[in-house]
Every structure is written in structure tokens, then in C-alpha cells.
Amino acid sequence: MRAGAATHKRAFMRLTKYFLPLLKETPSDATIASHQLMLRAGMVRQNSAGIYSWLPLGHKVLKKIEQIVREEQDRAGAVEMLMPTIQSADLWKETGRYDAYGPEMLRITDRHDQEMLYGPTNEDMITDIFRTSVQSYKRLPALLYHIQWKFRDERRPRFGVMRGREFLMKDAYSFDIDEASARQSYYRMFVAYLNTFARLGIKAIPVKADPGPIGGDLSHEFVILAESGESGVFAHRDLVEMAPPGDVDFDSDLSGEVDKRMALYAATDEMHDEAAYDAVPADKRMEARGIEVGHIFYFGTKYSEPMGAKVQGPDGKPTTIHGGSYGIGVSRLVAAIIEASHDDNGIVWPASVAPFGAGIINLKVGDEACDRVAEELYAKLSEAGLDPLYDDSSDRGGVKFSRMDLIGLPFAITVGPRGIKDGVVEVKDRRTGERESLSVEAAIAKLTG
RNA sequence: CGGGAUGUAGCGCAGCCUGGUAGCGCAUCUGUUUUGGGAACAGAGGGUCGCAGGUUCGAAUCCUGCCAUCCCGACCA
């Protein structure tokens, strides 16, 4: 047994013991599908404009997405840390951003009359940590990230957690000795993002973004294609279908993977170049709507210069480091994935982020045979790591079926007297709607195989 | 921040114009009959009508102010 592992058997996740406040009717405040479904499926509860509590079901999905993002950052060589939500205004005054940021920044005064703020991002803080910790070029390049709550006092929060004021973000920061090296760090994150979104079960494409005052070509947004997207996207169709790099060596030259994508036209409407788009073969042109779920950019010495973040170079001279930052909206992804994957009956979770791997519906709780089969299924699926949810409620069949559809688990296994008589249970695939009657063993094999 | 709208039970709504002390559906609780795709019947509980003033014998309703939330725009993970 692993050290620290629980010695007791894990309790069944029974619906009757879970906290899942579902809504039959759509709250009138919600206007887009993901927001409506998140409320109806009991995933979140609004507390203020743009501020949400994550109820158990939503919290599970949030954590699953967070974990995939984390694993892909780790794989790309980024190192995890954690910075606070509350920051001192001093650093922001150093970079000039305290005044530049405007009313989007939530400013707080503590009991000592110190000006504080709830961080909307962490460039200033990480640069401060870096400059006081690293003095030599030999420690470069460095790539650090954290996954932390942010607050931006949006003029108009809307669409649920899609544009909340408080949101969970993965933000990574790179430090390099020069621009050429910084480009390699940028490519690392570029490829890591491709893999991350692929694992989340969604198609996110990198599109050219406004690089800001630095210029150059090193700024990309990653957008999920969905009808409800906030921005228009023009892209070469091949970009959407291109397979993720997968198992790459992040210490190798990644320019091949990146260049073949950057060579294909893709831009949001504000960066759209009509002439360049016209050069794309007509049958490869694609116009769609997109939701921004990630943004990466190289910003050079924007923060290191004013903050004096320098290292000693090989020539012995102080050299200002080159930075980049890389964000993924983790909480936004929950909504974005739903936008990209739902139907009239509810959410259709990609397996990698589903809150439970499967639902087990017992149509006749209290019936000895039904209970036994349902519990056997639970135990075996659980052993196989599928993390099932057991609907042990006394609700009628129809209620159970539609509830399972609403919360969108990839599979629902129905156990009822009728099937048991024939030695079968029914397995339903949420995405296709296909149902098949299988023996218990075959059902388990199907879901775990 | 400009424009628009809405606040009445957990959710969806009616009542407001024409002032008389709050109602419907769903959900919840109890009971009975049901139970393979959102059951039926009977009964029950639940509301300072967003908040504060004002008018009036009397305000959910009329007047004034404030607050909150949503939508459209301009900005953003």
C-alpha cells in the first residue's frame, strides 16, 4: 500500500448523499447554453455579478480541467508554484501599471492604510521574485507557472463563468537571456497548449493575436470554435483538423510543429487581413465564431526593464531578461467546453473532463437483485478507476434518465428488473444516444476497455 | 461607462394601469395508488412583494431616492 493511502474502502458516491441541486426550469438570468446548463445541472451558484460558487459537480469538472492543464505544463518543462491573490500596490507602481490598469483592478486598503489589490495577473510579482532570486544567465531559461484565482472588475460580467470577474487561470511566465531563446520558450507553451486542448476533448486553434506595443509575430490566442463565440474567426480549414503533436521532446527544436501551424492563415476579426485570407484556397476557407480560452505572448523587456530584472551574462555584463506570459482560462474552459459540446437534453462531457466516468441507474432500489447488480457494477467500475455515480434515488425511471442526460456523463448503465431477468443491463452512450443490452461483464469491459 | 429592461416563495411567472392586506405552475413535505424516458389524487409548509422615504384611513400597486441583476454596445483569460 502506498504511504498515506486511505486504508478504508471508499464510500459509494450515491446520488442520495451527493449535493446536486438541479433546476427543471432555466433561470431567466441565463441566456447562453453553457450558463443555463451549468445552473440547471447544479454546477455553480451565482453570488454576485460575475462571482460564483462552484458546487460539487462543477467543482469536480473544474479540478479535472485544472489537472490536465497542470500535467501538460509539467510535461512541457514548466515548474509549478503559487503566488497570492492579494498583492501590494508597490510593485505595480514600479512597472507603471498601477495607474495604467484602470478600474478593472480591484483596489483594497488594509488596516495599515497600505494599498493592496486583488491580482488581475502576476507579471509584476513574478518578475520581482525572479530578480531577487536569479543573478546568472546560467539559470536561464526559466519557466514558472501557477494556477490561481484572479479578479478583474469587468465593466460588464456576463454569460456565467464565461466572463466572470473572479476566475481561475493558469498563468506561466518565461525568462530568457535574449529574444531567440525567448522564442523557444514561447514554442514550448505553444505546443503544450495544443496538447492541453486536445486532451480536454476540444478543438482549439491558434490564431494570430494583437502583439501590442512589442510587435513581432509572437502573440497567439487559442480559440474554441463554437457558435456562441464572442469573436469572429477566419481560418484555414486544415488548421482545425491538424492532429496534436502528442508525445514530443520539449527540449528538442519545436519550430517544425509551430511553423507548420503558423503558416496557415488564422485570425480573429480584429486582426483579420482580407488579402491574406483570399490567398487561402476557397474550399479551405473557414469562417466561424470562437471563444478565447488561452493567450500566449512574448513581451520582451516590458517588465524586466522598469523593474531592473537583470542577470549577469557570459560576458560578465548585466543583461536585461526577456519575458513572456502564457494564460489559460481554466474556469472559462468549463463553460467553453459545454458551449462546444451539448445537445437539447443537456451537457455532453468529453470523457477526460466528465465529473463522473459513468452513471449507474438503479431502476428499482430496494430490489435485492437490482441492488446487488448495481453495487457490483459500481465496485468494478470504481476499481477500474472510472469513478461512477450511483443513482440510488427512488425517483421514477424517466426522471433518472433525463437527469443523467442533463449532467452529461459519457455513459449511463441502467439496471432494472426487466433486464436482470435476461441477465443484461443497458449501456447508453451519451454522445451518440446508442443503447445496447449487455451482460454485466460485457458492460464493464465496454466502459473500461 | 452609454443605451434598454427586470426585481413578488428554491425556480418560472401573474397581480400593479384602476390602492383594500398576495396568487398560479414546477419544486418541497405527508399519505395513498403508481414505477423501463421529467406519474396521479388528496392534504400541508414556505413570501418583511429588492431597500428606504413619501402620499393615503389603507401601498406589491401611486410618487421620490437608492441598491441589485440581466441584455445590447465599446474593452477582455
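Every chain is numbered from 1 and lettered A, B, ... according to where its sequence line falls, protein lines coming before strand lines.
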J.: What integer distance in Å separates A/I51:CD1 from B/U69:C1'?
T.: 13 Å
J.: For B/C41, give the paired nucleotide (Watson-Crick: N1-N3 plus N6-O4 or O6-N4; G-U: N1-O2 and O6-N3; both under 3.5 Å), or none.
T.: B/G31
J.: By a strict heavy-atom criterion of less than 4.0 Å, which residues belonging to residues 27-49 of chain A are in contact with RNA chain B?
T.: A/P27, A/S28, A/D29, A/T31, A/R40, A/Q46, A/S48, A/A49
J.: Is the Lys NZ or Arg CZ of A/K93 less than 6.0 Å from the centre of A/Y98's six-membered ring, within 45° of the axis?
T.: yes
J.: Would you measure the distance from the P atom in B/G45 across to the matching atom in B/C62 and give it in whole Å?
T.: 31 Å
J.: Taking atom C1' of B/A77 as reference, at what distance in whole Å does atom OH of A/Y145 sit?
T.: 17 Å
J.: Identify all pairs in which a protein N or O lies below 3.5 Å from an N or O of nucleotides 33-37 of chain B, and state each distance.
T.:
from	atom 1	to	atom 2	distance (Å)
B/U34	O2	A/R396	NH1	2.7
B/G36	O2'	A/R418	NH1	2.8
B/G36	O2'	A/R418	NH2	2.8
B/G36	O6	A/G416	O	2.9
B/G36	O6	A/P417	N	3.2
B/G36	O6	A/R418	N	2.7
B/G36	O6	A/G419	N	2.8
B/G37	N7	A/R435	NH1	3.2
B/G37	O6	A/R435	NH1	2.9
B/G37	N1	A/K428	NZ	3.4
B/G37	N2	A/D405	OD2	2.5

J.: Given that A/T26 and A/L22 both sit by RNA chain B, which one's nearest nucleotide is further toward the 5' end?
T.: A/T26
J.: Specify the residue among A/G160 and A/L23 whose closest nucleotide of RNA chain B lies further upstream toward the 5′ end.
T.: A/L23
J.: Please give the nucleotide sitting opposite B/A52 as a Watson-Crick or G-U wobble pair, both distances under 3.5 Å, or none.
T.: B/U64
J.: Within this structure, what is the CZ-to-C1' distance between A/R158 and B/G73, rounded to whole angstrom?
T.: 9 Å
J.: Is the distance from OP1 or OP2 of B/C1 to the nearest side-chain N or O of A/R156 less than 4.0 Å?
T.: no
J.: Please check the phosphate of B/A27 (OP1 and OP2 only) for any side-chain N or O of A/K24 closer than 4.0 Å.
T.: yes
J.: When you measure from the side chain of A/E154, which nucleotide among B/A74, B/C75, B/G12 comes out closest?
T.: B/C75
J.: If you measure from the C1' atom in B/U18 to the same atom in B/C26, how many Å do you get, rounded?
T.: 31 Å
J.: Are the ring centres of A/Y186 and A/Y298 closer than 6.0 Å?
T.: no
J.: For this output row, return yes or no: ring centroids of A/F159 and A/H35 closer than 6.0 angstrom.
T.: no
J.: Starting from C1' on B/C72, measure out to CZ on A/F159 and report it in whole angstrom.
T.: 10 Å
J.: When rounded to the nearest Å, what value does the distance between P atoms of B/U69 and B/A44 take?
T.: 38 Å
J.: Compile the donor-acceptor pairs under 3.5 Å between side chains in residues 191-207 of chain A and protein atoms, sequence neighbours left out, one pair per line.
T.:
from	atom 1	to	atom 2	distance (Å)
A/Y193	OH	A/K170	NZ	2.7
A/Y193	OH	A/Y326	O	3.2
A/Y193	OH	A/G327	N	3.1
A/Y193	OH	A/G327	O	3.2
A/N195	OD1	A/G246	N	2.9
A/N195	ND2	A/G246	O	3.2
A/T196	OG1	A/A192	O	2.6
A/R199	NH1	A/E71	OE1	3.0
A/R199	NH1	A/E72	OE2	2.8
A/R199	NH2	A/E71	OE1	2.8

J.: So what does A/G164 hit on the nucleic acid, given a heavy-atom distance under 4.0 Å: a base, only sugar-phosphate, or nothing?
T.: base
J.: What interatomic distance, in whole Å, is found between C1' of B/C71 and the corresponding atom of B/G53?
T.: 30 Å
J.: Less than 3.5 Å apart, which donor and acceptor atoms pair up between the side chains of residues 364-371 of chain A and the rest of the protein, not counting sequence neighbours?
T.:
from	atom 1	to	atom 2	distance (Å)
A/D367	OD1	A/A369	N	3.1
A/D367	OD1	A/C370	N	2.9
A/D371	OD1	A/N362	ND2	2.9
A/D371	OD1	A/G366	N	3.0
A/D371	OD2	A/G366	N	3.1

J.: Round to the nearest Å and state the distance from A/I147 atom CD1 to B/A77 atom C1'.
T.: 13 Å
J.: Applying the Watson-Crick and G-U wobble criteria at under 3.5 Å, what pairs with B/C70? Answer none if nothing qualifies.
T.: B/G4
J.: Can you tell me how far P of B/C70 sits from CZ of A/R165, to the nearest Å?
T.: 9 Å
J.: Please name the nucleotide paired to B/G20 by Watson-Crick or G-U wobble geometry with both distances under 3.5 Å, or report none.
T.: B/C57
J.: Determine the interatomic distance between C1' on B/U32 and the same-named atom on B/G20; round to the nearest Å.
T.: 41 Å
J.: Sticking with atom P, work out how far B/G2 lies from B/A60, rounded to a whole angstrom.
T.: 33 Å
J.: Is there a Watson-Crick or G-U wobble partner for B/C11 with both distances under 3.5 Å, and which nucleotide is it?
T.: B/G25
J.: Given the side-chain rings of A/F356 and A/Y18, with only the six-membered ring counted for Trp, is the space between their centroids under 6.0 Å?
T.: yes
J.: In whole Å, what is the span from the CZ atom of A/R403 to the C1' atom of B/A27?
T.: 13 Å
J.: In whole Å, measure the gap between the C1' atoms of B/A9 and B/G15 for me.
T.: 15 Å
J.: Over how many whole Å does the gap from A/L20 atom CG to B/A27 atom C1' extend?
T.: 15 Å
J.: Could you tell me which nucleotide pairs with B/G46 by Watson-Crick or G-U wobble geometry, both distances under 3.5 Å, or answer none if nothing does?
T.: none
J.: Would you say the rings of A/W92 and A/Y101 are close, in the sense that their centroids are separated by under 6.0 Å?
T.: yes
J.: Would you indicate whether the side-chain heavy atoms of A/E292 and A/F222 approach each other to under 4.5 Å?
T.: no
J.: Counting only pairs under 3.5 Å, give me each side-chain donor-acceptor contact of residues 405-427 of chain A, with atom names and distances, residues two or more places apart or in other chains.
T.:
from	atom 1	to	atom 2	distance (Å)
A/D405	OD1	A/K428	NZ	2.9
A/D405	OD2	A/K428	NZ	3.2

J.: Show each protein N/O and nucleotides 43-46 of chain B N/O combination with a separation under 3.5 Å, one pair to a line.
T.:
none

J.: What interatomic distance, in whole Å, is found between P of B/A59 and the corresponding atom of B/C51?
T.: 15 Å
